[in-house]
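Start at 1 and go down the list; that is how both ligands and their atoms are numbered. If you're wondering where the values come from, they're calculated on a predicted model, not measured in any experiment.
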Amino acid sequence: MLVNIGQLLTLRSDRVKAGPRRAADLKELGIIKDGALLSQGGRIVSAGTTKDARRDPWLRKNRAKVMEIDCAGKVVIPGFVDSHTHPVFVGPRLVDFEKRTEGASYEEIAASGGGIRSSLEAVRKAPKSALAAKVLAALNEMAAHGTTTAEAKSGYGLTVDSELKSLEAIRDAASLWPGTVVPTLLGAHVIPAEFQGRSQKYVDAVCKEMIPQAARRKLAQFVDVFCDRGAFTPQETEQIFASAESHGLSVRAHMGQLSQTTLEPFLRFNPASFDHMDHVSDSDIAQLAQHDTIATLVPGANYFLGLEEYPDARHLIDAGVPVALATDYNPGTSPTVSMPMAMSLACTHMKMSPAEALAAATINGAHALRLAGRKGSVEPGKDADFAIFAVKDYREIPYFFGADHCSMTVLNGVIAGGE
Ligand code: NIG
Ligand code: FE
């Protein structure tokens with residue numbers, strides 16, 4: 001039981017409509033002052049005030065059995081749901097990083113031998129155990145920043161064997177981490193060099209080998225595609241989505257990062273999320289406002305690439321599109337595991353309010369992974385996933401950027417960190 005919580009952000013509200021949070025509902029944080037939170041066996045039992053918890057007859061009787069944590073006025077939030085990460089890589093891309101400081105763009109660096117393709121060789125060569133150790137280290141670092149659920153993509157092997165090896169590494173790391181991991185097959189990240197000029201052959205390998213094997217072996221819940229200039233075309237993306245659907249996997253995609261793609265034709269596949277969304281048309285925004293597909297914004301990528309423009313979060317939110325925030329943790333565009341940093345960028349560069357950023361980083365992230373029944377808010381019956389921040393007001397989380405004020409994380413009832 002956590003007591004003396006200065007602000008307990010439950011995100012629970014009777015005022016909000018069912019489904020992903022849109023428009024004004026994104027600001028409803030359900031804050032309880034001087035809160036208390038009881039969980040048992042990895043599930044939340046109750047959330048209320050410390051005063052009421054002290055009066056509860058069951059708690060009075062069983063006080064000796066309950067482990068009590070005094071939060072001394074700190075803030076407790078639902079654990080972050082980081083719904084977009086690429087943790088299966090071996091090394092950082094320091095040459096790309098340095099070249100960008102000299103003025104080269106992401107696409108120029110990719111065209112001259114850097115970029116995603118330059119991360120492939122090391123992943124292909126690495127033993128599975130080495131990849132699993134990398135993933136586990138990233139997951140632990142995420143937990144230290146308040147994340148309790150993370151999506152994890154393959155996508156730096158791009159052969160049938162190395163994509164399956166990457167998914168196995170995710171599975172092995174997840175089995176050693178107390179939080180929740182959602183695995184995604186991103187075999188369609190780019191066309192690897194050996195398939196240059198024969199993209200259909202590579203798409204066939206994704207559709208006829210990677211997807212069927214990942215589905216049969218239950219190694220992935222989602223299939224992702226990088227649909228953009230220099231990666232996969234809308235036609236190829238449709239083929240890959242159709243294969244995923246026929247093998248019982250749900251879909252999501254990187255959309256509109258470098259250039260605009262018309263999204264409406266993909267909605268028949270009921271994608272869980274379209275991610276990045278820097279370039280999106282008004283008519284697609286109107287369509288998305290009528291669907292449950294989440295627009296997942298990853299401002300860490302814009303920051304790290306040194307872009308002046310960020311996704312137009314205000315337009316998306318005000319139009320009624322459900323928006324989530326994620327880190328996009330990866331070696332090329334966003335080497336951060338910090339959801340507080342993503343929230344800070346959302347506030348400073350996308351004009352989201354701290355409340356909107358918090359809900360986008362928790363409950364709407366859970367919707368983006370189709371886990372909102374279990375994750376993303378502090379409600380009785382949901383998983384005991386929360387993060388304690390050593391601040392007095394939740395707005396300090398995005399305000400004090402670049403510092404880690406998470407003092408404890410509870411993942412499925414298991415405490416990590418601690419004071
Ligand atoms: O989300 N855009 C595609 N994938 C990653 C970047 C991957 C990389 O550069 O290694 C992203 O930004
Ligand atoms: Fe990504």
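- A donor-acceptor contact under 3.5 angstrom links the side chains of Thr180 and Lys375, judged on distance only.
- Between the side chains of Thr336 and Thr327, no donor-acceptor pair is found at a separation under 3.5 Å.
- Shown here are the protein N/O/S atoms lying under 2.8 Å from the Fe ion (ligand 2), water excluded: His84 NE2, His86 NE2, His254 NE2, Asp328 OD1.
- For the residue pair Ser377 / Glu379, a side-chain donor-acceptor distance below 3.5 Å is found, with atom types taken as modelled.
- Between His405 and His145, the distance separating the two ring centers is not shorter than 6.0 angstrom.
- Note: Tyr329 and Phe89 meet the aromatic proximity criterion, with ring centroids under 6.0 Å apart.
- Partners of Tyr303 according to the ring pair (Phe, Tyr, Trp, His ring centres under 6.0 Å) rule, which considers only residues two or more places apart in sequence or in another chain, do not exist here.
- For ligand 1, the protein residues placed under 4.0 Å by at least one non-hydrogen atom are His84, His86, Arg93, Tyr106, Ile116, Tyr156, His189, Phe226, His254, Gln257, His276, Asp328, Asn330, Gly332, Thr333.
- Tyr399 meets the ring pair (Phe, Tyr, Trp, His ring centres under 6.0 Å) test with no other residue; sequence neighbours excluded.
- The side-chain hydrogen bond (donor to acceptor under 3.5 Å, both in side chains) test with Thr184 singles out one residue from Gln221, Glu151, Arg252, His84, and that residue is Glu151.
- With 3.5 Å as the limit, one finds a donor-acceptor pair spanning the side chains of Gln200 and Gln239.
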